[in-house]
Amino acid sequence: MQLVECESRQSPEIQALFARTFSAAEGPAEGEHVAGLVRKLMADSAPEDVLGFVAMEQGRIMAGIFFSRLTFDPPVTAFLLSPVAVHPDHQGRGIGQRLIRFGLERLKATGATRIFTYGDPAFYSRVGFTPAPLETAPFRLSHPEGWLGQALDGGEVMALAGVPRCVAAFDDPAYW
Ligand SMILES: CC(C)(COP(=O)(O)OP(=O)(O)OC[C@H]1O[C@@H](n2cnc3c(N)ncnc32)[C@H](O)[C@@H]1OP(=O)(O)O)[C@@H](O)C(=O)NCCC(=O)NCCS
């Protein structure tokens with residue numbers, strides 16, 4: 001299996017992967033919604049604000065993950081991990097955790113110091129996330145227990161001032 005940064009020409013295959021995965025996990029409407037989110041992340045964001053990685057086997061994409069910038073004032077190099085998907089036929093083999101760790105290493109190498117995510121603490125705690133203060137979320141959250149963070153520089157996860165701004169693809173209170 002090869003883990004690589006994704007390319008814009010792969011957008012249709014990546015959207016299909018997210019549609020299939022989230023459709024299987026949470027129903028067709030969610031599949032469509034997340035695929036739309038991925039399309040927007042890939043098409044509408046400045047390249048320095050979004051990083052996507054895929055896991056490939058025999059030329060096919062079996063998993064994908066996106067990180068998008070969270071802008072704090074004063075500035076902190078922070079990203080949101082979301083969404084991540086492993087094709088249903090390949091789940092439970094460690095690919096999700098491997099891809100997340102790979103992405104975190106790449107982000108760290110580019111100088112990012114904080115990563116946040118919004119999901120199941122039982123899963124994300126396996127890859128270093130702990131509960132984050134709600135003031136570091138860009139919107140009021142419907143599931144506050146799912147707001148999680150980690151420091152990539154060994155510093156304190158939480159000491160950040162101000163409400164961050166997310167990229168346009170996530171700029172919708174319904175998402176949160
Ligand atoms: C969540 C997901 C990315 C994990 O990838 P994966 O390759 O299946 O996970 P791994 O093999 O690395 O890890 C598997 C472990 O995580 C656990 N796990 C998987 N999804 C979980 C979830 N949503 N909540 C809690 N634990 C979860 C599994 O039970 C398994 O635990 P075990 O090792 O004790 O059996 C993948 O299952 C997926 O794409 N799910 C549907 C989409 C989704 O929910 N994405 C995340 C939200 S953005």
Side-chain angles (χ1 to χ4, degrees), residues 1-6 10-42 44-45 49-58 60-70 78-107 112 114-132 134 136-150 164 166-176:
M1 192 177 59
Q2 211 190 350
L3 306 183
V4 288
E5 192 163 338
C6 69
Q10 294 173 310
S11 181
E13 191 183 350
I14 297 171
Q15 286 175 54
L17 165 80
F18 278 85
R20 167 85 171 82
T21 305
F22 278 86
S23 201
E26 296 176 35
E30 188 63 10
E32 230 171 87
H33 172 73
V34 180
L37 179 68
V38 165
R39 184 190 57 72
K40 277 194 216 151
L41 277 172
M42 292 190 79
D44 301 348
S45 315
D49 288 344
V50 173
L51 275 117
F53 303 99
V54 289
M56 304 199 57
E57 207 164 65
Q58 292 170 348
R60 300 194 60 180
I61 296 173
M62 53 209 293
I65 190 168
F66 286 88
F67 295 87
S68 59
R69 191 176 296 278
L70 285 176
F79 283 81
L80 173 72
L81 182 177
S82 181
V84 54
V86 176
H87 189 285
D89 293 348
H90 301 285
Q91 289 175 4
R93 290 169 40 193
I95 296 171
Q97 291 173 67
R98 212 175 132 190
L99 188 59
I100 291 168
R101 289 202 181 92
F102 176 81
L104 294 176
E105 281 303 313
R106 284 295 195 91
L107 266 286
R114 299 288 187 281
I115 308 291
F116 294 89
T117 195
Y118 187 36
D120 190 329
F123 178 68
Y124 287 105
S125 62
R126 294 171 178 231
V127 285
F129 286 90
T130 55
L134 300 181
T136 56
F139 284 89
R140 194 189 167 95
L141 303 173
S142 55
H143 297 284
E145 69 286 356
W147 186 242
L148 308 167
Q150 68 174 286
C166 55
V167 298
F170 285 113
D171 201 10
D172 175 357
Y175 175 79
W176 303 89

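All ligand and atom numbering here is 1-based and tracks the order in the structure. Residue indices begin at 1 and follow the sequence shown.
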Which heavy-atom pair separates [X] from [Y] by the least distance, and what is that distance?
X: Ile61; Y: Glu13; value: N-OE2, 3.0 Å
X: Pro138; Y: Trp176; value: CG-CH2, 3.5 Å
X: Phe79; Y: Ala112; value: CD1-CB, 3.9 Å

Would a 4.5 Å heavy-atom cut-off, applied to side chains only, mark Glu32 and Phe22 as touching?
no
Might you list the protein residues in contact with ligand 1, defined as having a heavy atom under 4.0 Å from one of its atoms, sorted by chain and number?
Thr21, Phe22, Ala25, Val84, Ala85, Val86, Gln91, Gly92, Arg93, Gly94, Ile95, Gly96, Gln97, Asp120, Phe123, Tyr124, Arg126
Should Val50 and Met42 be marked as a side-chain contact (heavy atoms from CB on, under 4.5 Å) after you check the CA-CA gap, both sets of side-chain angles, and the distance that decides it?
CA-CA 8 Å; Val50 173; Met42 292 190 79; 5.9 Å; no
Given the options Leu107, Leu41, Ile65, Leu51 meets side chain to side chain contact (heavy atoms under 4.5 Å, CB included) only with Leu107
